[in-house]
Amino acid sequence: MSLLNGKKALVFGVANKYSLAWAIAQELKSHGAEIGLCYSHERLERRVKSLAPEVDTDSIYLCDVTKDDDITALVQAVEKDWGKVDILVHSIAFADTEDLNNRYVETSRAGFLKAMEISVYSLVTLAQTFEPLMMDGGSIIALSYYGAEKVVPHYNVMGVAKAALEASVRYLASELGANNIRVNAISAGPVKTLSAGAFHGFRDMLSYVGNRTPLRRNIDRSEVAKSALYLLSDLSSGVTGEILHVDAGYNIMGMMEPIEED
């Protein structure tokens, strides 16, 4: 069954074949969407271009979301190439390593602002600039993590940024709904990606979480991608402003260890 025939999907944040954004792009393509890939730095160009044939696209765009000129140029290029956009996938986040490894109270002003600009404001500005190209309505998703809700060691300023991202999803959903544009987020459990390598103790996190979820395992990229398909297709036509947890149920757990009787 092809759920996205005729839909044009712009995917931000593909870094390599292990990216959640790449898994989502593949899933959307398998359901008939035309894919555009956006990457943030020239050093990623070769990787992204090598992946593009797998989703049958030559719509590949460089866009540094901290530069207004890049975003303006991107919108113009996409309008010229496609004329419209139906789907936006926001898989963009960044924080300086020292702001993840140090105590949160030691976060620098520059590091805080950088994390918020790249991880949060980028969603706002992309929604703002692409809204006119979503004239037939559409769907936007962002990728979040449980560190937005609860303290996770070494997530620090990124947790604060993800909390702001989730709040932005709700505000954008409220405003863009009048144009039949839905905005949601996926709060994914820990998955091995390029960015995950920046977090101290990530392997220990995988082991800890995998042993304590209701499903007694970690998730994989394909499960995030399938949930993205749901949110980006008409299967979720009545859903907006939601944060969908795809974490094998970890977020529902309170006390993780069994209580021993006296």
Side-chain angles (χ1 to χ4, degrees), residues 4-94 114 117-143 165 168-169 172 176 181-183 185-186 193-195 221 224-225 228-229 231-233:
L4 300 173
N5 279 343
K7 301 295 186 182
K8 300 183 183 298
L10 202 56
V11 181
F12 291 82
V14 173
N16 58 29
K17 64 181 180 180
Y18 302 109
S19 305
L20 290 177
W22 175 239
I24 293 170
Q26 291 178 298
E27 187 70 23
L28 301 185
K29 176 62 180 179
S30 73
H31 281 267
E34 185 174 352
I35 305 297
L37 302 175
C38 299
Y39 61 98
S40 57
H41 299 287
E42 290 181 353
R43 67 176 183 271
L44 297 174
E45 181 177 7
R46 180 178 296 180
R47 293 180 190 171
V48 175
K49 285 188 173 181
S50 69
L51 293 173
E54 295 185 36
V55 290
D56 190 27
T57 187
D58 56 7
S59 298
I60 305 169
Y61 308 97
L62 171 64
C63 181
D64 182 340
V65 294
T66 67
K67 298 177 180 178
D68 290 338
D69 288 346
D70 273 25
I71 295 172
T72 298
L74 172 64
V75 174
Q76 291 173 346
V78 172
E79 183 174 21
K80 179 181 178 182
D81 293 344
W82 285 356
K84 69 163 188 172
V85 172
D86 303 292
I87 291 167
L88 285 181
V89 176
H90 178 280
S91 182
I92 304 171
F94 180 83
K114 182 186 293 185
E117 179 181 22
I118 296 175
S119 309
V120 185
Y121 185 69
S122 59
L123 175 65
V124 179
T125 191
L126 290 175
Q128 176 190 122
T129 52
F130 278 97
E131 181 183 10
L133 294 188
M134 304 183 86
M135 67 283 286
D136 297 326
S139 185
I140 300 171
I141 64 164
L143 293 181
L165 180 75
S168 294
V169 164
L172 290 170
L176 299 181
I181 299 171
R182 299 182 296 109
V183 188
I186 292 175
T193 63
L194 183 65
S195 60
R221 285 179 288 275
V224 177
L229 173 65
L231 289 174
L232 295 169
S233 72

Please give me the minimum heavy-atom distance between [X] and [Y], naming the atom from each residue.
X      : Y      : result
Val183 : Val169 : O-CG1, 3.6 Å
Leu44  : Ala15  : CD2-O, 4.0 Å
Val55  : Ala25  : CG1-O, 4.0 Å
Val124 : Leu172 : CA-CD1, 4.4 Å
Asn5   : Gly32  : OD1-CA, 3.4 Å
Ala93  : Ser119 : CA-OG, 3.4 Å

Applying side-chain contact (heavy atoms from CB on, under 4.5 Å), name anything that partners [X], two or more places apart in sequence or on another chain.
X      : answer
Glu45  : Tyr39, Lys49
Thr129 : Ile71, Val75, Thr125
Asp70  : Cys63, Asp64, Lys67
Tyr61  : Leu10, Cys38, Ser59, Leu74, Ala77, Val78, Asp81

With sequence neighbours excluded, what pairs up with [X] under the salt bridge (charged side-chain N to carboxylate O under 4.0 Å, His left out) test?
X      : value
Glu117 : none
Glu34  : Lys8
Asp136 : Lys84

Practice item. Report, as yes or no, whether the 6.0 Å neighbourhood of atom CG on Asp69 holds more than 12 heavy atoms from other residues, nucleotides or ligands. Key: no
Check your understanding: Is the backbone N or O of Leu143 less than 3.5 Å from a side-chain atom of Ser91, with the two atoms forming a donor-acceptor pair by type?
Key -> no
Check your understanding: Are the side chain of Arg47 and the backbone N or O of Lys17 linked by a donor-acceptor pair below 3.5 Å?
Key -> no
Which distance, rounded to the nearest 0.5 Å, do you find between the [atom1] of [X] and the [atom2] of [Y]?
X      : Y      : atom1 : atom2 : result
Trp22  : Asn16  : CH2   : CG    : 10.5 Å
Leu123 : Phe12  : CG    : CZ    : 10.5 Å
Thr66  : Phe94  : OG1   : CZ    : 11.0 Å
Ile118 : Ser40  : CD1   : OG    : 8.0 Å
Ile181 : Glu131 : CD1   : CD    : 5.0 Å
Leu51  : Thr57  : CG    : OG1   : 12.0 Å

Practice item. Show your reasoning for whether side-chain contact (heavy atoms from CB on, under 4.5 Å) applies to Gln128 and Tyr121. Key: CA-CA 10 Å; Gln128 176 190 122; Tyr121 185 69; 4.2 Å; yes
Point to revise | Sub-4.5 Å side-chain heavy-atom contact between Asp86 and Met134 | key: no
Review point. So, do Ile140 and Leu232 sit near enough that their side-chain heavy atoms are less than 4.5 Å apart?
Key: no
Study note, to complete from the structure: With sequence neighbours left out, the residues meeting side chain to side chain donor-acceptor pair (under 3.5 Å) with Ser122 are His90
